Amino acid sequence: MDNRHELQADPRRAFADFLHAQAAEAGMGADKIAKAFEAAARQQQEQLKVRREAGQTVEPPAHPISEMAASKSHIDRLFKGQAHPKPPLPFTLQFLKITNLTAGLSAEEHRSRCERARSLLQAIRDTPAPLLPVRLLATDNETEEHREDAVAVLRLEVDLERARHTETRLRYALRDHDVLLSTLLQIVSMLREIIADNDIRELRARRIPIELARVRDETRQALDHKATAQQEADRATARIRILEDLWNRARAEAQRLASHLDAADSPLSHLDPQQAPQPLLASELLTRPALDDIGAALAKAHEVSLREEKAVQELQSAITPQDGPLEPDEELSVLINATRLSDPAARRTALTALVNSWSHDPVAKEAVLRLADDLNEGVRIAAVEALAEGWPGDPDVRETVLRHIDDLDEKVRWTAVKALAEGWPGDHVGWTAVLRLAQDHHKDARRAAVEALAKGWKGETAALERVLDLTSDRDANVRETAFAALAKGWPGNPAARRVVLDRTNFRDWHTRRTAIHALAEGWADNGALRTLTRLSTDRHTDTRRVAVEALAKGWPGDPVALQTVLRLTAHPDWTTRRTAVYALADGWPKDSEARQVVIGLTADIDENVRDAASEVLGTIF
């Protein structure tokens with residue numbers, strides 16, 4: 001079947017087969033591709049970090065790799081035609097970059113595959129929605145898909161921890177039964193000795209009727225005890241056979257779950273030796289070989305047998321596999337159980353799923369409140385953030401967040417202040433805490449205070465004054481956060497505008513750069529446009545580049561700003577020309593004049609400019 005007929009038949013199936021073929025050619029399964037996406041995301045973040053630390057102006061990519069839907073389960077669904085690539089073209093190009101590099105394809109072959117992918121995606125876009133299968137359309141909700149993935153992984157981890165716990169219980173049960181059986185056999189052996197001794201005593205007491213009657217009564221009692229002990233030993237032996245079978249099945253189930261890729265890094269959880277069930281020692285059943293003591297021991301053994309038979313029944317039901325889709329109540333149960341897993345990462349994942357899908361349920365609220373006091377500081381941070389997101393304005397939740405302003409971990413304290421600003425803006429106690437934080441010796445604390453002020457107290461003059469003070473902070477990152485906070489919290493404010501405009505001419509490069517960005521974000525007026533137009537011709541390369549980026553950000557579609565950027569595409573400095581290319585793509589993606597200029601720059605004398613022009617032509621224009 002040729003490509004045209006294939007697309008007409010089912011473009012989505014054709015796209016799925018195309019991706020699967022690329023993966024097969026590279027010898028990569030969904031798990032390897034998912035891990036390659038994770039590695040690429042880490043590399044991208046490291047590169048951005050290095051550039052920022054070098055003082056370069058770095059805007060986050062429009063489609064970060066870390067935000068692409070690239071879990072193993074999602075890629076599996078892509079291969080089956082049951083999911084969409086998200087975002088479509090950036091994800092697909094990154095997918096091909098991974099598989100084609102692994103397959104050792106040439107640059108020409110790689111470009112050919114990319115063009116093929118573009119045509120497949122275009123065919124999918126051109127297909128009327130009603131013609132698409134309902135089961136595919138249901139996967140369009142990316143948030144729902146991520147939630148399902150998270151719940152599936154958590155269900156696996158809960159099942160794995162439960163299986164390991166069951167296997168441990170069975171090991172202890174087998175140990176206790178071994179002790180019990182050994183004790184019962186010891187009792188049988190003792191009773192045989194008593195019976196044999198009584199045979200001799202009976203011969204000696206033939207002429208003493210009273211003594212003979214007593215010996216025969218003891219022998220009869222010993223025989224009864226021996227029968228009882230043998231019966232209990234048989235019951236214990238039968239239970240041991242059942243427990244052995246259950247242990248083998250539980251062990252196999254734990255190994256099966258542990259071999260699953262999503263559980264590969266799940267830590268082993270073992271019972272604390274100090275909390276392990278104590279074995280039933282022989283001395284507890286049998287203190288001395290007197291018949292009364294043996295009778296008491298057998299009575300105790302019978303009680304143990306009855307208890308252990310119930311325990312065996314519970315263990316039998318515990319290892320029964322429960323497959324299939326989860327009902328809503330079952331999903332909530334899985335998430336609640338996952339909040340008690342030993343792995344902090346699993347508890348955080350469960351927490352996220354609870355706040356995203358179950359904030360209406362009081363059980364979920366109680367679980368997140370409990371996690372706010374988790375021993376792991378990372379879990380506490382996530383829980384405090386989740387409380388503000390899921391239950392803003394709730395007075396009970398507010399008290400918990402307030403309590404964490406004095407948490408032993410400083411990062412939890414900073415998170416609590418931000419959470420108060422997010423969920424309880426204007427709160428008086430939170431205001432006092434954030435002012436204290438703004439004077440903290442730690443730079444990250446001051447940054448947290450600035451962000452909280454802009455979010456929760458942006459209408460307050462005192463908050464503006466404190467943020468203005470922090471634009472002169474000794475730390476560059478705090479200054480940058482303060483300028484961004486002015487633009488977000490007090491856009492259009494004349495007092496803030498004066499400070500920002502003044503700092504666009506500051507000698508310190510970091511201050512000048514952040515002020516330029518803040519000006520474009522918070523005060524995109526004609527006066528600011530004139531200032532940035534002037535700075536776009538500055539003799540310093542970095543100042544020119546930041547001004548050009550700010551023009552595209554603050555005045556997208558503006559014809560005056562467009563002409564300024566177009567002029568800079570002919571600047572002698574190649575970095576300025578490249579920045580202008582990206583600025584045109586960001587601010588004027590539908591402008592025909594901008595497109596023609598970018599097309600011309602694909603023949604620029606500098607390779608970096610040519611690559612940038614080709615990139616934006618393939619993805620934006």
Side-chain angles (χ1 to χ4, degrees), residues 56-63 480 483-484 486-488 490-494 496-506 509-602 604 606 608-621:
Q56 299 180 22
T57 302
V58 180
E59 289 291 333
H63 301 287
E480 182 175 354
F483 279 113
L486 288 175
K488 293 177 181 178
W490 293 271
N493 183 282
R497 183 182 187 276
R498 284 194 297 272
V499 172
V500 173
L501 270 175
D502 177 66
R503 302 298 167 81
T504 59
N505 298 306
F506 218 61
W509 157 242
H510 288 285
T511 301
R512 189 164 69 250
R513 178 190 66 188
T514 53
I516 289 172
H517 280 300
L519 187 65
E521 185 176 347
W523 295 271
D525 52 39
N526 290 332
L529 177 58
R530 288 193 295 272
T531 297
L532 293 183
T533 300
R534 172 177 57 80
L535 290 172
S536 69
T537 61
D538 195 272
R539 62 189 181 90
H540 293 290
T541 301
D542 288 336
T543 301
R544 288 196 306 273
R545 290 171 51 219
V546 173
V548 172
E549 293 169 351
L551 285 170
K553 184 176 182 179
W555 291 267
D558 185 273
V560 176
L562 171 61
Q563 293 307 313
T564 299
V565 178
L566 287 174
R567 285 194 296 272
L568 291 169
T569 60
H571 197 279
D573 174 59
W574 71 266
T575 61
T576 302
R577 297 199 302 278
R578 185 180 66 175
T579 303
V581 168
Y582 287 124
L584 289 173
D586 291 339
W588 298 269
K590 297 182 179 180
D591 188 90
S592 58
E593 184 179 6
R595 186 176 188 276
Q596 290 302 317
V597 170
V598 173
I599 291 174
L601 289 171
T602 58
D604 193 271
D606 186 89
N608 297 287
V609 179
R610 294 197 302 271
D611 289 346
S614 299
E615 178 187 344
V616 299
L617 280 175
T619 58
I620 306 295
F621 287 105

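We use all heavy atoms of the structure for the numbers below, so side chains are in, but hydrogens, waters and symmetry mates are not. Treat the numbers as computed from the prediction; the structure is a model and nothing was measured.
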Margin query: If you apply the rule side-chain contact (heavy atoms from CB on, under 4.5 Å), what do you find for V500 with W490, and how did you get there?
Written below: CA-CA 12 Å; V500 173; W490 293 271; over 6 Å; no

Please report the closest heavy-atom contact between [X] and [Y], naming both atoms and the distance.
X: A583; Y: A552; result: O-CB, 3.4 Å
X: A487; Y: A518; result: CB-O, 3.6 Å
X: F483; Y: T514; result: CD1-OG1, 3.3 Å

If I take atom [atom1] from residue [X] and atom [atom2] from residue [Y], how far apart are they, to the nearest 0.5 angstrom?
X: L584; Y: D591; atom1: CG; atom2: CG; answer: 8.0 Å
X: L519; Y: T531; atom1: CG; atom2: OG1; answer: 6.5 Å
X: R567; Y: L562; atom1: CZ; atom2: CG; answer: 9.5 Å
X: T511; Y: N505; atom1: OG1; atom2: CG; answer: 12.0 Å
X: E521; Y: K488; atom1: CD; atom2: NZ; answer: 6.0 Å
X: W574; Y: T541; atom1: CH2; atom2: OG1; answer: 10.5 Å

Next item on the list: Could you check Y582 against V548 for side-chain contact (heavy atoms from CB on, under 4.5 Å), going step by step and ending with a plain yes or no?
Entry: CA-CA 9 Å; Y582 287 124; V548 172; over 6 Å; no

Note to self: Apply side-chain contact (heavy atoms from CB on, under 4.5 Å) to residues E549 and T579 and explain how you reach the verdict.
What the structure shows: CA-CA 7 Å; E549 293 169 351; T579 303; 3.7 Å; yes

Using modelled atom types only, decide if a donor and an acceptor are shared between the side chain of [X] and the backbone of [Y] within a distance under 3.5 Å.
X: W523; Y: N493; value: yes
X: S614; Y: D611; value: no
X: H571; Y: D573; value: yes

Margin query: Applying the side-chain contact (heavy atoms from CB on, under 4.5 Å) criterion to R577, which one of N608, D604, T569 satisfies it?
Written below: D604

Note to self: Restricting to salt bridge (Lys or Arg N to Asp or Glu O under 4.0 Å), what partner residues turn up for R503, sequence neighbours left out?
What the structure shows: none

Next item on the list: List in chain and number order the residues that pass salt bridge (Lys or Arg N to Asp or Glu O under 4.0 Å) with D558, two or more places apart in sequence or in another chain; answer none if no residue qualifies.
Entry: none

Checklist line | Flag if over 12 foreign heavy atoms under 6.0 Å of CZ, R610 | finding: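 Above 12, so yes.
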
Next item on the list: Count the heavy atoms belonging to other residues, nucleotides or ligands that lie under 6.0 Å from CZ of R530, then report whether that count exceeds 12.
Entry: no

Looking at residues at least two apart in the chain, or sitting in another chain, which of them share a side chain to side chain donor-acceptor pair (under 3.5 Å) with [X]?
X: Q596; result: none
X: T533; result: none
X: R512; result: T543
X: H510; result: R513

Item checked: R578/D606 salt bridge by N-O under 4.0 Å criterion -> no

Notebook entry, point to check: Between T576, T537, D538, T575, which is the residue that forms a side chain to side chain donor-acceptor pair (under 3.5 Å) with R544?
Noted result: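 The residue from T576, T537, D538, T575 that satisfies side chain to side chain donor-acceptor pair (under 3.5 Å) with R544 turns out to be T576.
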
